[in-house]
Amino acid sequence: MTDANSLSGLPYYQLYINGEWNDASNEAAFVTIEPATGEPLARLAEASASDVDRAVKAARQAFDHGPWPHTPANERVKILHAIADALEQQTDVLAELEARDSGATLRKTTFIDIPLGIEHLRTIAELARRHPYEPLPWVDMPSVSWNFVWREPIGVCAQITPWNFPFLALMWKIGPALATGNCVVLKPSPLAPLSTMAVTKIIDELQLLPKGVLNIVNGDAETGEALVAHPGVDKVAFTGSCEVGRKVMASAAQTLKRVSLELGGKSPSIVLPNADFDLAVDGVLFGAFLHAGQYCESGTRCFVPRQQHDAFVERLVGRISGVTLGDPLDLTTDIGPLISEKQRERVESYIRLGLEEGATLACGGRRPANPELRGPYIEPTIFCNVANKSRLAQEEIFGPVLAVIPYDDVTQAIEMANDSVYGLGGAVWSRDLQEAIEVAKRIRTGTVWINDHHLINAVAPFGGYKQSGIGRELGLAGLNEYTQEKHIHVDLMQKRDGRIWWDTLLP
Ligand code: NAD
């Protein structure tokens with residue numbers, strides 16, 4: 001992070017702890033950069049371990065002694081809807097901030113990220129309304145009793161989000177945690193924290209959450225490490241890379257915190273021989289290149305029947321050559337920059353590797369020639385005739401690079417799709433829905449789209465098989481990650497006589 005203390009004149013965001021805005025205790029700060037221009041966008045206070053300690057203690061106090069965990073679900077839901085209403089009023093502001101801070105196109109943030117995130121918050125809140133109570137089957141042996149499960153919040157949740165879709169990630173984290181009565185300390189990615197800060201400001205102005213229920217600390221690895229390791233935290237919810245996910249899990253193990261991890265991917269798109277090619281070509285490109293491929297569940301490995309491989313690649317190249325790289329704030333731009341120069345260098349190293357490994361470069365692979373594109377842009381890149389065992393096909397690149405892999409029969413396509421340490425998403429392209437569902441069932445990933453990609457649904461569980469993660473976000477499964485189950489047994493006999501099991505002790 002750049003030293004920010006000398007940069008005045010930029011918007012400045014403090015830490016949000018116990019319902020108050022504070023500087024970092026050591027007055028440290030950093031800047032966030034606009035990827036498209038390379039210019040600083042804002043300064044943010046950088047939380048030290050002692051600031052993290054204050055935030056966790058505030059959340060602890062709010063959970064252990066405040067009203068939030070015991071507030072009836074329907075009142076919490078009303079507050080979340082009020083937050084959603086207030087966010088809706090600011091859709092345009094949030095969409096522009098998200099585009100400038102993360103490099104996503106304004107078209108995407110305006111029409112997808114912000115409205116969808118708000119809708120997800122509402123859906124999660126509605127799911128939570130009926131969630132605490134679960135009836136159990138009737139039991140009258142050895143006694144007549146009423147049994148039910150009461151789902152209670154876990155406590156203080158440490159939540160860590162990535163830079164690639166920060167607003168949506170924020171809704172998916174705070175939505176279920178708050179709806180179920182937990183208290184939160186959240187740390188966004190230092191590469192794109194501004195929509196989180198704007199949302200926090202909106203929530204603060206509403207004054208509907210009790211103090212300490214939501215706390216926001218900024219910073220990078222050190223701040224995150226202090227948060228995950230803090231003994232006052234009961235649960236860690238982390239979204240990011242597998243590499244950091246492993247560290248998070250190891251650290252959380254010291255005090256046996258609950259952990260949910262949403263990690264990386266290398267998701268397959270299987271084009272079956274009978275697919276509608278017009279649909280599949282555009283769908284595979286949407287799966288691979290939306291947001292310059294910077295999605296965890298991007299369809300970065302495309303399996304195509306060998307006999308149709310060349311024709312399919314030709315059509316992919318033809319369609320992608322029509323997309324425009326440009327300023328994310330221009331509504332005609334299709335693809336913006338990558339998040340950082342470091343990320344572009346990583347992508348370029350994989351393009352070199354693909355060539356060394358013998359894959360054929362069908363298009364892209366370069367920085368765009370347009371000198372006006374100052375940020376870390378890279379052309380959409382398609383490799384064909386890729387070997388599934390190659391590193392190009394096995395490792396997460398997190399950029400606009402698609403590997404097309406030929407297959408001989410559907411069984412082989414499924415086996416290759418599953419030959420990966422990841423298991424986050426996948427797509428099947430076919431006109432035969434019955435066959436597509438059978439293939440989907442055999443793909444070992446947490447989500448499979450049929451004739452679609454990227455559509456994450458707030459009522460459905462989202463998460464990874466294998467090294468793509470642990471636990472689920474969204475849906476009832478996502479709410480369960482933020483609750484613990486208590487069995488409550490209520491005796492319905494209401495008298496001493498006939499309690500034969502008491503008689504085994506008391507004569
Ligand atoms: P990252 O792992 O570098 O960082 C993620 C977050 O962890 C950031 O907030 C970062 O500051 C923080 N962090 C870094 N080191 C830490 C540490 N030692 N302890 C605690 N926190 C630490 O990931 P990124 O580059 O921000 O995001 C890209 C990665 O995230 C990709 O691998 C992508 O696949 C994955 N991702 C997964 C999902 C999902 O839902 N499965 C969604 C988005 C992104």
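Numbering of ligands and ligand atoms starts at 1, following listing order. All residue numbers refer to positions in the sequence shown, counting from 1.
Taking every non-hydrogen atom of Pro188 and a distance limit under 4.0 Å, the qualifying atoms of ligand 1 come out as 9 (O). Set against the non-hydrogen atoms of Phe462, the atoms of ligand 1 under 4.0 Å away are 40 (O). Here is the list of ligand 1 atoms found below 4.0 Å of a heavy atom in Pro190: 11 (O). Listed by number with element, the atoms of ligand 1 under 4.0 Å from a non-hydrogen atom of Asn164 are 43 (C), 44 (C).
Ligand 1 has no N or O atom lying under 3.5 Å from any N or O atom of Ile160, backbone or side chain. Between Val228 and ligand 1, not a single N/O pair is under 3.5 Å apart. In terms of polar-atom proximity, Thr161 is counted as a contact of ligand 1, with an N or O under 3.5 Å from an N or O of the ligand. For the pair Thr239 and ligand 1, the shortest N or O to N or O distance does not fall below 3.5 Å.
Atom 16 (C) of ligand 1 has its closest protein heavy atom at Val244 CG1, 3.3 Å. Looking from atom 20 (C) of ligand 1 to the surrounding protein, the closest heavy atom is Gly224 C, 3.4 Å. Among all non-hydrogen protein atoms, the one lying nearest atom 38 (C) of ligand 1 is Cys296 SG, 3.0 Å. For atom 35 (C) of ligand 1, the closest heavy atom belonging to the protein is Gly240 O, 3.1 Å. Of all protein heavy atoms, the one closest to atom 24 (P) of ligand 1 is Trp163 NE1, 3.3 Å. What sits closest to atom 37 (C) of ligand 1 on the protein, heavy atoms only, is Leu263 O, 3.0 Å.
Atom 2 (O) of ligand 1 has its nearest heavy-atom neighbour, among Ser298, Ser189, Ser241, Pro162, in Ser241. Comparing Lys342, Glu225, Lys187, Glu243 against atom 19 (N) of ligand 1, the shortest heavy-atom distance belongs to Glu225. Of the candidates Glu473, Lys266, Glu396, Glu262, the one placing a heavy atom closest to atom 34 (O) of ligand 1 is Glu396. Of the listed options Trp172, Phe238, Phe398, Tyr295, Phe398 places a heavy atom closest to atom 28 (C) of ligand 1.
Centroid-to-centroid, the aromatic rings of Tyr12 and Trp21 stay 6.0 Å apart or farther. Checked against a 6.0 Å centroid threshold, the rings of Phe165 and His291 do not count as neighbours.
Tested against Trp429, the residues Val284, Val439, Val304 include a single side-chain contact (heavy atoms from CB on, under 4.5 Å) partner, Val284. Of the candidates Glu395, Glu396, Gln467, Val421 forms a side-chain contact (heavy atoms from CB on, under 4.5 Å) with just one, namely Gln467.
Checked by atom type, the side-chain pair Tyr16/Asp204 shows a donor-acceptor distance below 3.5 Å. A donor-acceptor contact closer than 3.5 angstrom is absent between the side chains of Thr180 and Thr483.
More than 12 heavy atoms of other residues, nucleotides or ligands lie within 6.0 Å of CZ in Arg107, so this atom counts as buried by the packing criterion. Counting heavy-atom neighbours within 6.0 Å of Lys466 NZ, excluding the residue itself, gives a total above 12. Crowding of Glu88 atom CD: a count of heavy atoms from other residues, nucleotides or ligands under 6.0 Å exceeding 12. Residue-environment remark: CZ (Arg319) stays at or below the threshold of 12 foreign heavy atoms within 6.0 Å.
Ligand 1 is approached by Phe165 to a heavy-atom distance shorter than 4.0 Å. Heavy atoms of Gly469 come nearer than 4.0 angstrom to ligand 1 in no pair at all.
Scanning both residues, Thr105 and Thr333, for their nearest heavy atoms gives CG2-O, 3.8 Å. Closest approach of Val199 and Phe167 over heavy atoms only: CG2-CE1, 3.6 Å. Closest approach of Leu325 and Pro368 over heavy atoms only: CD2-CG, 3.9 Å.
Protein heavy atoms are absent from the space less than 4.0 angstrom from atom 4 (O) of ligand 1.
At a 4.0 Å heavy-atom cut-off, ligand 1 does not touch Leu227 at all.
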